[in-house]
Amino acid sequence: MEQYLPLILSAVGGTVLGPIISKLTGGSGTGGIVGGIIGGLGAHFGLDAAGVQVLGDAAAGATSPMNIINSLLEGGVGGGVLGVVAGMLMKNKG
């Protein structure tokens with residue numbers, strides 16, 4: 001289960017920040033949620049492939065507090081960016 005924890009936390013971070021930022025910029029909340037989840041996972045995989053660790057230590061394990069915060073933040077940033085894009089695309093024209 002420990003191997004999936006960073007993915008789950010990245011998706012949660014994107015799910016929380018995606019709709020908030022999307023609504024603040026005038027997009028839809030649903031698009032923000034969808035974009036947040038996808039963007040959070042995409043940011044996690046992209047930063048992992050690039051070898052970027054913003055906070056924490058990769059050797060400490062996924063359950064260390066700094067690695068949990070790192071996963072939430074990278075998911076939040078990726079989810080926020082893609083949440084704005086998806087929220088604007090799914091914006092109601094009514």
Side-chain angles (χ1 to χ4, degrees):
M1 181 68 183
E2 186 174 332
Q3 64 202 20
Y4 299 116
L5 186 63
L7 293 173
I8 294 168
L9 291 172
S10 293
V12 167
T15 303
V16 170
L17 283 181
I20 293 171
I21 296 174
S22 177
K23 281 300 223 181
L24 288 175
T25 58
S28 74
T30 305
I33 292 173
V34 172
I37 293 170
I38 295 170
L41 292 175
H44 172 75
F45 280 118
L47 290 173
D48 191 38
V52 176
Q53 181 88 17
V54 180
L55 300 171
D57 182 20
T63 57
S64 74
M66 289 306 285
N67 285 340
I68 290 172
I69 293 170
N70 184 54
S71 295
L72 286 170
L73 286 177
E74 64 186 30
V77 169
V81 170
L82 198 59
V84 168
V85 173
M88 291 301 221
L89 291 174
M90 295 178 67
K91 187 175 179 179
N92 284 338
K93 301 279 183 179

**Report entry** Considering all heavy atoms, the nearest Ala43-Gly78 contact
**Finding:** CB-CA, 3.8 Å

Query raised in the report: side-chain hydrogen bond (donor to acceptor under 3.5 Å, both in side chains): which pairs involve residues 76-89, sequence neighbours left out?
Result: none

Requested in this report: Any chance you could measure Leu82, atom CG, to Leu41, atom CG, to the nearest 0.5 Å?
Outcome: 10.5 Å

Query raised in the report: side-chain hydrogen bond (donor to acceptor under 3.5 Å, both in side chains): which pairs involve residues 35-51, sequence neighbours left out?
Result: His44-Glu74

Requested in this report: Hey, could you give me the CD1/OG1 distance between Ile38 and Thr15, rounded to the nearest 0.5 Å?
Outcome: 10.0 Å

Check: residues 6-14 side-chain donor-acceptor pairs under 3.5 Å, at least two apart:
residue: Ser10; atom: OG; partner: Pro6; partner atom: O; Å: 2.9
residue: Ser10; atom: OG; partner: Ser71; partner atom: O; Å: 3.3

Report summary line: One should read off an interatomic distance between Gln3 CD and Leu5 CG, to the nearest 0.5 angstrom, of 10.5 Å

Report task. Indicate the atoms forming the closest heavy-atom contact of Pro19 with Ile33, along with that distance. Result -> CG-CG1, 3.4 Å

